[in-house]
Number of protein chains: 2
Amino acid sequence: MSKYKGILDNIAKYVKLSDDEIKQFISILKTTRVKKRQFIVQPGFVSEYQNYIVEGAVRVFYLDDFGKEHTVIIGIEDWFFSDFYSYVHRTPAEYFAEALEDSLILQMKYEDVEELCNRIHPICQYFRLLTEKALAYSHRRTISNISKTSEERYKEYVNKYPQIANRVPQYVLASYLGISPESLSRIRSRS
Amino acid sequence: MSKYKGILDNIAKYVKLSDDEIKQFISILKTTRVKKRQFIVQPGFVSEYQNYIVEGAVRVFYLDDFGKEHTVIIGIEDWFFSDFYSYVHRTPAEYFAEALEDSLILQMKYEDVEELCNRIHPICQYFRLLTEKALAYSHRRTISNISKTSEERYKEYVNKYPQIANRVPQYVLASYLGISPESLSRIRSRS
DNA sequence: TTTTTTTCTTGATATAGGTCAGGTTTTTTT
DNA sequence: AAAAAAACCTGACCTATATCAAGAAAAAAA
């Protein structure tokens, strides 16, 4: 099965591309294999690529001044990731992107995506709709963060992404939910 | 000065539209005046419109099971707002949108926006770029929520939006930052 | 201006969740 | 299979922030 199947299926859920447009889209994709614990994005450098996970798992996290990690994105197959702020604003990244497993990812350069979006209307549509869903989701997460208890956020996550919760280290999930690893351990033990 | 100047300037920052395209865009805008404390979106109904604030101030908030309010968006002139999840997914809204001041807003229906985006490439580009910036910002807010103390979040906000911080009620700001009104009051008094 | 409503402040108290420290289990590497 | 590293758990303690309650100040309405 082609490594492009996933992303093309994803596109097809939103827009219909001609064979030629598909060819052009594929031409900007760069395939990268990363080993577990390898960094794909590092602070200080502009996040040049929008990344799509074909296989594996990745997280994007921020390292604060006290050395604590805060995870912004946990992604598995069929997810996009990047330091989106850096990618969009062309400023140095502040986040790390780290492979949680050996992974296969497709990378598309900012300039190439912009060029395609400028030239090919349905591809612009695709990225617009994709980003809108991501924003809608992000708003929900914000509400969850400001209004729910640690335990509620944990349960909500497990309920929504049972496969992911069992696939990534617990301290990663804790840092995604804004909970200390110790507290998450206790939350789990009492339920 | 035309009530359309703001939104057209906003568009011009991202894309160049022809006179005809501008005319078509304006044709989908519906002007609405709302009084302070009036609701623009209410739970239970699909958020039909994407709203742009010409003048005034609006907040979008969620009322939890305990009757507590959690503000997702505080917007002033030149901001968009909606229950974005509802707007995008065509599901009943869960949030209220409430005018914080007498306001003048421009509303564009979901179907009309989609139709324009399908038909006019630069308009699709505009909404894509707009949404990307909003998502980048939302990611930053998420990090802030999960990694910073109440006091840090407050100072960050005041630093970033000094005009807004002085313009909206303190309890609204508190609910935006995920802090109780009492705690915010104390944070302010000790600095 | 007076009254009413809304918003903000301050004190007393409670608690969720953080931090520190140590040990155990699991996973990875050699 | 042993050794090393990574991840997880548990107890003791602490602190930031929430909650409850009541009054003061400010803003809006009459």
Side-chain angles (χ1 to χ4, degrees), chain A residues 34-39 56-57 59 61 63-71 74 96 98-103 144-158 164-191, chain B residues 34-39 56-57 59 61 63-71 74 96 98-103 144-158 164-191:
Chain A
V34 286
K35 300 290 287 178
K36 184 170 176 174
R37 259 172 271 269
Q38 187 180 332
F39 292 126
R59 70 162 172 151
F61 70 96
L63 194 64
D64 74 18
D65 301 341
F66 306 103
K68 272 180 50 183
E69 300 175 357
H70 307 280
T71 299
I74 300 176
F96 292 87
E98 175 196 35
L100 293 170
E101 305 170 0
D102 295 354
S103 304
S144 190
N145 280 333
I146 65 179
S147 73
K148 302 205 166 156
T149 65
S150 297
E151 181 157 6
E152 286 168 338
R153 295 200 300 282
Y154 169 69
K155 287 188 170 160
E156 186 177 69
Y157 190 92
V158 169
I164 305 184
N166 283 317
R167 190 166 161 184
V168 305
Q170 211 167 291
Y171 73 90
V172 167
L173 185 50
S175 78
Y176 179 87
L177 297 171
I179 311 174
S180 72
E182 295 95 328
S183 291
L184 182 56
S185 174
R186 289 189 177 99
I187 286 166
R188 282 163 50 88
S189 74
R190 72 166 179 256
S191 59
Chain B
V34 285
K35 300 289 287 176
K36 183 169 177 175
R37 259 174 271 267
Q38 187 179 331
F39 292 126
R59 69 162 173 151
F61 70 96
L63 194 64
D64 74 18
D65 301 342
F66 306 103
K68 272 181 48 183
E69 300 176 355
H70 307 280
T71 300
I74 301 176
F96 292 87
E98 174 196 36
L100 295 170
E101 305 170 1
D102 294 355
S103 304
S144 190
N145 279 334
I146 66 179
S147 73
K148 303 204 166 157
T149 64
S150 297
E151 181 156 8
E152 287 167 337
R153 295 201 300 282
Y154 170 68
K155 288 189 168 158
E156 185 178 70
Y157 189 92
V158 170
I164 305 184
N166 284 316
R167 192 166 157 182
V168 305
Q170 210 168 291
Y171 74 87
V172 167
L173 185 51
S175 78
Y176 179 87
L177 296 170
I179 312 175
S180 71
E182 296 94 328
S183 291
L184 182 55
S185 173
R186 289 190 177 97
I187 286 167
R188 281 163 51 88
S189 74
R190 73 164 179 257
S191 58

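Lettering follows sequence order; numbering is per chain, from 1.
Base-pairing analysis of DNA chain C finds the following stems of at least three consecutive Watson-Crick or G-U pairs, with both pairing distances under 3.5 Å: C:1-21 with D:10-30, C:23-30 with D:1-8.
Ranked by how close their nearest DNA chain C nucleotide is to the 5' end, A/Ser150 and B/Pro169 are led by B/Pro169. If you find the closest nucleotide of DNA chain C to B/Val168 and to B/Arg186, the one lying nearer the 5' end belongs to B/Val168.
For A/Tyr154 and C/dA16, the OH to P distance is 19 Å, given to the nearest whole Å. One atom, OH of A/Tyr171, and another, P of C/dG18, lie 18 Å apart when rounded to the nearest Å. At whole-Å resolution of the value, NZ in A/Lys148 and P in C/dA16 are 18 Å apart. Straight-line distance from the CD1 atom of A/Ile146 to the P atom of C/dA16: 20 Å, rounded to whole Å.
Here the CZ-OG distance, from B/Arg190 to B/Ser185, works out to 10.5 Å after rounding to the nearest 0.5 Å. For the atom pair CD of B/Gln170 and CG of B/Leu177, the computed distance is 10.5 Å after rounding to the nearest 0.5 Å. The distance from the CZ atom of A/Phe66 to the OG atom of B/Ser147 is 10.0 Å, given to the nearest 0.5 Å. If you take CG on A/Asn145 and NE2 on B/His70, they are separated by 12.0 Å, rounding to the nearest 0.5 Å.
Residues A/Glu69 and A/Tyr171 have side chains in contact (heavy-atom distance under 4.5 Å, counting atoms from C-beta outward). Counting heavy atoms from C-beta on, the side chains of A/Val168 and A/Arg59 never come closer than 4.5 Å. Using a 4.5 Å cut-off on side-chain heavy atoms (C-beta onward), A/Tyr176 and A/Ile164 make no contact.
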Close N/O contacts between protein and nucleotides 24-29 of chain C (under 3.5 Å):
residue : atom : partner : partner atom : Å
C/dT28  : OP1  : A/Lys36 : NZ           : 2.9

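Contacts of residues 175-185 of chain A with DNA chain C (heavy atom under 4.0 Å): A/Gly178, A/Ile179, A/Ser180, A/Glu182, A/Ser183.
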side-chain contact (heavy atoms from CB on, under 4.5 Å) between B/Leu173 and B/Tyr154, worked out: CA-CA 9 Å; B/Leu173 185 51; B/Tyr154 170 68; 4.0 Å; yes
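Judged as a salt bridge (charged side-chain N to carboxylate O under 4.0 Å, His left out), not a single pair has a partner in residues 170-185 of chain A (not counting sequence neighbours).
Contact between A/Ile146 and B/Ser175 at its shortest, heavy atoms only, is CD1-O, 3.6 Å. Residues A/Glu156 and A/Ser144 share a closest heavy-atom pair of OE1-OG, 2.5 Å.
Side-chain atoms of B/Thr71 never come within 3.5 Å of backbone atoms of B/Phe61 as a donor-acceptor pair (strictly under, hydrogens ignored).
Residue B/Gln170 has a polar side-chain atom (N or O) positioned under 4.0 Å from OP1 or OP2 of C/dT9.
The side-chain hydrogen bond (donor to acceptor under 3.5 Å, both in side chains) search around A/Lys36 returns none, not counting sequence neighbours.
With a heavy-atom cut-off of 4.0 Å to chain A, the contacted part of DNA chain D has its first and last nucleotide at D/dA6 to D/dA12.
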